Amino acid sequence: MKLLVTYNIPREPFQNLPADWEITFPEKEEFSKTELLRILPDYDIMLAIFHAPIDREIIDAGKKLKLISNYGVGYNNIDITYAREKGIAVTNTPKAVNSPTAELALALMLSAARRITECNQRIRIEKESMWGTMRNLGFGLEGKTLGIIGLGNIGKNVARKAEAFGMNIIYYNHHTEVPGYRRVELDTLLRESDFVTLHTPLTPATRHLIGQRELSLMKPTAILVNTARGAVVDEQALAEVLKKRQIAGAALDVFEDEPHITETLYALENVVLTPHIGTGTIDARIAMGREALENIRHFLAGNPTNVVN
């Protein structure tokens, strides 16, 4: 079995693999598209990474390809419909990303609510003038309403952690009822929530799910957190709303055109920006590799797991 690993991920999970597995890693950070098109025809399985597009041209190059094991829970980087047409399975790693992403969502929420990032930046410039009992006031979490859009595995993890802060949980899901929490329509969630956090995959139905109309429904004291996918939010509309202080703030780990960010956002103090680090812990990166390899093992054994197409 020939496995092409498209990105230089931690090597720990690749120890003690079957002797008949032939594995190729990139010499640099990752294979370019040109390199993939050249070498992919010789491989049975590809381990892709969540930020790198796997389009029809690359899929067509995989003449022997049987499986694309994606390193990440999001798979909008892969044309999964075309892969299925070509008889290629696609898997993802939902378990490994659960806790680190939920942790970051709470960290971003706290940073925006308590103005931690803003104060950290300003105190280095303003120094002693920053101090003052009635200055730099933020928002507490206890007793506030958290609206979760997408109460799947990560969303439920966020809900459990938020309950420990004494928050009230409401949620919006397209189809699924989740016992123990109040399900509401999207407009109701936006009107009632003090904090809104996004945990939905990017699909044609969720692209710009949060646009100018939806943002106008939010409280002027509300904070939006996005650790899902950038294009779930209309980034230009959000930048304008934040600039006009029509909502209190936002905390964003993902963006519509990564690594490019709407220029307006860089200058705003009421938005926290991080470079897509939701799963950015060494523990998570190793666990993602293990889960991606487990998906390959199960596929080869005829018992596929985490298949998304």
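The structure presented is a predicted model; accordingly, all values stated were derived computationally and were not measured. Scope of the values below: all heavy atoms of this structure, side chains included, with no hydrogens, waters or symmetry mates.
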Exercise. More than 12 heavy atoms of other residues, nucleotides or ligands under 6.0 Å from CZ of Arg122: is that the case?
Worked result: yes
For this session: Tell me, yes or no, whether the heavy-atom count around Arg114 atom CZ, taken from other residues, nucleotides or ligands under 6.0 Å, exceeds 12.
Result: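 At most 12 heavy atoms, drawn from other residues, nucleotides or ligands, come within 6.0 Å of this atom.
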Classify the side-chain pair [X]/[Y] by whether it contains a donor and acceptor separated by less than 3.5 Å.
| X | Y | value |
| --- | --- | --- |
| Tyr75 | Thr91 | no |
| Tyr71 | Asn92 | no |
| Tyr7 | Glu29 | yes |
| Thr200 | Thr206 | no |
| Asn76 | Arg229 | yes |

Give the minimum heavy-atom separation between [X] and [Y], together with the two atoms involved.
| X | Y | value |
| --- | --- | --- |
| Asn168 | Gly143 | ND2-O, 3.2 Å |
| Gly211 | Asp234 | CA-CB, 3.9 Å |
| Pro94 | Val73 | CA-CG2, 3.8 Å |
| Pro41 | Leu37 | CD-O, 3.6 Å |
| Ile123 | Met130 | CA-CG, 3.6 Å |
| Leu293 | Pro13 | CD1-O, 3.2 Å |

For the side chain of [X] and the backbone of [Y], is there at least one donor-acceptor N/O pair under 3.5 Å apart?
| X | Y | value |
| --- | --- | --- |
| Asp187 | Leu190 | no |
| Asn309 | Ala89 | no |
| Asp253 | Gly278 | yes |
| Asn270 | Leu242 | yes |
| Ser193 | Val196 | no |
| Thr101 | Val97 | yes |
| Arg183 | Asn173 | yes |
| Gln121 | Glu118 | no |
| Asn77 | Ala52 | yes |
| Asp55 | Ile58 | yes |

Would you give the length of the straight line joining atom [atom1] of [X] to atom [atom2] of [Y], rounded to the nearest 0.5 angstrom?
| X | Y | atom1 | atom2 | result |
| --- | --- | --- | --- | --- |
| Met218 | Gln246 | CE | CD | 11.5 Å |
| Gln236 | Gln212 | CD | CD | 13.0 Å |
| Phe195 | Met109 | CZ | CE | 7.0 Å |
| Thr274 | Asn226 | OG1 | CG | 10.0 Å |
| Asn70 | Ile80 | CG | CD1 | 10.5 Å |
| Thr262 | Glu235 | OG1 | CD | 3.5 Å |

For this session: May I have the step-by-step check of side-chain contact (heavy atoms from CB on, under 4.5 Å) for Tyr171 and Val184, ending in yes or no?
Result: CA-CA 6 Å; Tyr171 75 97; Val184 297; over 6 Å; no
Does [X] reach the side chain of [Y], with side-chain heavy atoms less than 4.5 Å apart?
| X | Y | value |
| --- | --- | --- |
| Thr227 | Leu198 | no |
| Lys219 | Asp194 | yes |
| Phe255 | Leu273 | yes |
| Thr305 | Glu291 | no |
| Met46 | Ile54 | yes |
| Lys28 | Asn8 | no |
| Ile88 | Ile59 | yes |
| Lys244 | Val241 | no |

Problem set entry | Leu209 and Glu214: CA distance, side-chain angles, deciding distance, side-chain contact (heavy atoms from CB on, under 4.5 Å) verdict | CA-CA 8 Å; Leu209 180 68; Glu214 290 73 24; over 6 Å; no
Are [X] and [Y] close enough for a salt bridge, meaning some N to O gap below 4.0 Å?
| X | Y | result |
| --- | --- | --- |
| Lys2 | Asp44 | no |
| Asp79 | Arg56 | yes |
| Glu294 | Arg297 | yes |
| Arg182 | Glu192 | yes |

Problem set entry | Evaluation steps, side-chain contact (heavy atoms from CB on, under 4.5 Å), between Arg191 and Glu185 | CA-CA 10 Å; Arg191 289 191 183 101; Glu185 293 301 317; over 6 Å; no
In the single-linkage hydrophobic clustering (I, L, V, M, F, W, Y; side-chain heavy atoms under 4.5 Å), do [X] and [Y] co-cluster?
| X | Y | answer |
| --- | --- | --- |
| Tyr172 | Ile223 | no |
| Ile210 | Leu268 | yes |
| Leu137 | Trp131 | no |
| Ile296 | Val308 | no |
| Leu17 | Phe299 | yes |

Exercise. Do His199 and Leu151 pass the side-chain contact (heavy atoms from CB on, under 4.5 Å) test, and can you show the C-alpha distance, the side-chain angles, and the key distance before you say yes or no?
Worked result: CA-CA 7 Å; His199 301 285; Leu151 200 64; over 6 Å; no
Problem set entry | Phe50 and His276 aromatic ring geometry - parallel, tilted or perpendicular at 30°/60° bounds | tilted
Exercise. Among Ile68, Leu67, Asn295, Ile9, whose side chain to side chain contact (heavy atoms under 4.5 Å, CB included) with Leu47 holds?
Worked result: Ile9
For this session: Decide yes or no on side-chain hydrogen bond (donor to acceptor under 3.5 Å, both in side chains) for Asn98 and Asn157, but give the supporting numbers first.
Result: CA-CA 7 Å; Asn98 191 327; Asn157 197 325; 2.8 Å; yes
Exercise. Given the rule in the salt bridge (Lys or Arg N to Asp or Glu O under 4.0 Å) test, do Lys33 and Glu57 qualify, once you have shown the distances and angles that lead to the verdict?
Worked result: CA-CA 9 Å; Lys33 183 175 181 178; Glu57 189 178 11; 3.0 Å; yes
Exercise. For the ring pair Phe14 and Phe25, is the centre-to-centre distance below 6.0 Å?
Worked result: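 Yes; Phe25 has its ring centre under 6.0 Å from that of Phe14.
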For this session: Could you give me the CA-CA distance, side-chain angles and deciding distance for Asp42 and Lys63, then say whether salt bridge (Lys or Arg N to Asp or Glu O under 4.0 Å) is met?
Result: CA-CA 8 Å; Asp42 290 333; Lys63 303 297 183 184; over 6 Å; no
